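Contents: one structure, followed by commentary.
In this text the structure is predicted, and so the values were computed from the model without any measurement. In what follows, every heavy atom counts, from backbone to side chain, and hydrogens, waters and symmetry copies are set aside.
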Amino acid sequence: MSAGAKQYKAIGDDIWKRTDKVNAELFTLTYGALVVQLIKDYEDYGEVNKQLEKMGYNIGTRLIEDFLARTGLQRCSSFAETAEVISKVAFKTFLAISPTVSFPPPSIPNSSLPQPSEFILTFDENPLAEFAELPRDAREGGLWFSNVLCGVIRGSLEMISMQVEARFLSDVLRGDDTTELYVRLIRVMEEEQPENDE
């Protein structure tokens, strides 16, 4: 683990110790009930995925302010550093987990984006799915049970001027060996100044 990663792990652990806790089982069961209700309402797993991602996006756009206020962290100098902060500080702060970060070879060679411009978070545990079991039709229908996490990452990074794509590559609930979430930087957005700002 690099010195930066160790520093972020220590920050995440410290914030977790000082944070008011919510009962994990209640949180997990409530999230599961939400997913079940969306399945009943939409009767289409693709649409449920979209709704979970949209909910996560809305949460992420608000959660970033709380995160920055709690941590006092400044803007990351690279997308690799952003990945470490998400893994070691953000996930630890809000879900008490620290997924492993890896950097795949660039999917778009010779991109004008700073490298690395993509990363994968591998979850040893996923508190959202702790008591969940997907029926066969949900697995075959393409349900990504924890898709809200993709939206949270997309929404929070967009608020700090990074447009990203976030999607699950695999999920143990779907019979895969691991749960992996892929994040790719699409572009760094220009910070807009208010119209009447002099």
Side-chain angles (χ1 to χ4, degrees), residues 22-64 79 82-83 86-88 90-109 111 113 116-158 162-187:
V22 174
N23 182 298
E25 290 176 358
L26 176 64
F27 174 72
T28 302
L29 294 172
T30 302
Y31 179 76
L34 169 74
V35 174
V36 168
Q37 188 60 52
L38 286 172
I39 291 169
K40 288 179 182 176
D41 290 349
Y42 290 98
E43 299 177 355
D44 173 27
Y45 295 118
E47 189 59 34
V48 171
N49 288 337
K50 287 179 190 173
Q51 292 301 316
L52 288 171
E53 202 276 344
K54 185 177 175 181
M55 286 178 187
Y57 176 86
N58 290 329
I59 291 167
T61 60
R62 290 162 181 80
L63 204 60
I64 187 68
F79 199 58
T82 300
I86 289 170
S87 169
K88 310 276 185 304
F91 271 100
K92 184 67 174 187
T93 299
F94 296 110
L95 292 175
I97 60 171
S98 294
T100 305
V101 179
S102 60
F103 299 96
S107 61
I108 304 172
S111 168
L113 295 170
S117 62
E118 51 197 317
F119 62 89
I120 296 172
L121 297 172
T122 304
F123 297 83
D124 292 329
E125 55 184 320
N126 179 357
L128 295 180
E130 193 168 326
F131 301 113
E133 191 174 304
L134 293 185
R136 179 199 250 140
D137 67 314
R139 289 191 307 267
E140 292 171 358
L143 177 66
W144 293 104
F145 186 81
S146 301
N147 214 41
V148 71
L149 297 176
C150 295
V152 169
I153 290 172
R154 189 173 70 86
S156 60
L157 290 180
E158 194 168 295
M162 287 186 228
Q163 183 181 10
V164 300
E165 167 196 5
R167 61 184 166 84
F168 276 95
L169 298 176
S170 61
D171 190 343
V172 293
L173 288 179
R174 295 175 67 160
D176 298 316
D177 293 334
T178 60
T179 299
E180 295 179 317
L181 194 156
Y182 170 82
V183 181
R184 180 178 66 89
L185 179 64
I186 296 171
R187 69 184 178 106

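A donor-acceptor pair is defined here as one N or O able to donate and one able to accept, closer than 3.5 Å; no such pair exists between the side chain of R174 and the backbone of S170. Between the N49 side chain and the G142 main chain, a donor and an acceptor come within less than 3.5 Å of each other. The backbone N or O of A83 sits nowhere less than 3.5 Å from a side-chain atom of S87 that would complete a donor-acceptor pair. Checked by atom type and distance alone, the side chain of T28 pairs as donor or acceptor with a backbone atom of P127 at under 3.5 Å. In this structure a side-chain-to-backbone donor-acceptor pair under 3.5 Å is present from D176 to D171. Side-chain atoms of S156 never come within 3.5 Å of backbone atoms of I64 as a donor-acceptor pair (strictly under, hydrogens ignored).
In this structure, the side chains of Y42 and Q51 come closer than 4.5 Å at one or more pairs of heavy atoms. Side-chain contact between R167 and V183 is absent, with no heavy atoms from C-beta onward closer than 4.5 Å. Between I120 and L169 the shortest side-chain heavy-atom distance falls below 4.5 Å. In this structure, the side chains of T122 and T179 stay at 4.5 Å or more apart for every pair of heavy atoms.
With values rounded to the nearest 0.5 angstrom, L95 atom CG is found 9.5 Å from E125 atom CD. In this structure, the separation between CG on L34 and CG on L128 is 10.5 Å, given to the nearest 0.5 Å. Atom CG in L149 sits 12.5 Å away from atom CZ in F94 (nearest 0.5 Å). Here the straight-line distance linking atom CD1 of I97 with atom NZ of K88 works out to 12.0 Å at 0.5 Å rounding. Rounding to the nearest 0.5 Å places OG1 of T178 at 9.5 Å from CG of D124. Here the CG atom belonging to N147 is positioned 14.0 Å from the NZ atom belonging to K54, to the nearest 0.5 angstrom.
Y182 and E165 form no side-chain donor-acceptor contact under 3.5 Å, judged by distance and modelled atom types alone. Between the side chains of E130 and N126, no donor-acceptor pair of N or O atoms lies under 3.5 Å.
Counting non-hydrogen atoms of neighbouring residues, nucleotides and ligands closer than 6.0 angstrom, the CG atom of D177 reaches no more than 12 such neighbours.
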Would E140 and Y45 count as a side-chain hydrogen bond (donor to acceptor under 3.5 Å, both in side chains) here? Give the steps.
CA-CA 9 Å; E140 292 171 358; Y45 295 118; over 6 Å; no
Stepwise, does the side chain to side chain contact (heavy atoms under 4.5 Å, CB included) test hold for I186 with V164?
CA-CA 5 Å; I186 296 171; V164 300; 5.6 Å; no
If you apply the rule side chain to side chain contact (heavy atoms under 4.5 Å, CB included), what do you find for V48 with L143, and how did you get there?
CA-CA 7 Å; V48 171; L143 177 66; 3.7 Å; yes
Step by step, would you call W144 with L173 a side chain to side chain contact (heavy atoms under 4.5 Å, CB included)?
CA-CA 9 Å; W144 293 104; L173 288 179; over 6 Å; no
Show your working on side chain to side chain contact (heavy atoms under 4.5 Å, CB included) between L181 and I153 and close with a plain yes or no.
CA-CA 10 Å; L181 194 156; I153 290 172; 3.9 Å; yes
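Between F123 and F91, the ring center distance clears the sub-6.0 Å criterion. In this structure, the ring of F145 has its center no less than 6.0 angstrom from the ring center of F168.
Residues passing the side-chain hydrogen bond (donor to acceptor under 3.5 Å, both in side chains) test with R139, sequence neighbours excluded: none.
Closest of all the heavy-atom pairs between S146 and A129 is OG-CB, 4.4 Å. What you find for T61 and G155 is that their closest heavy atoms are CG2-O, 3.7 Å.
Between F119 and F79, the ring-plane angle classifies as tilted under the 30° and 60° cut-offs.
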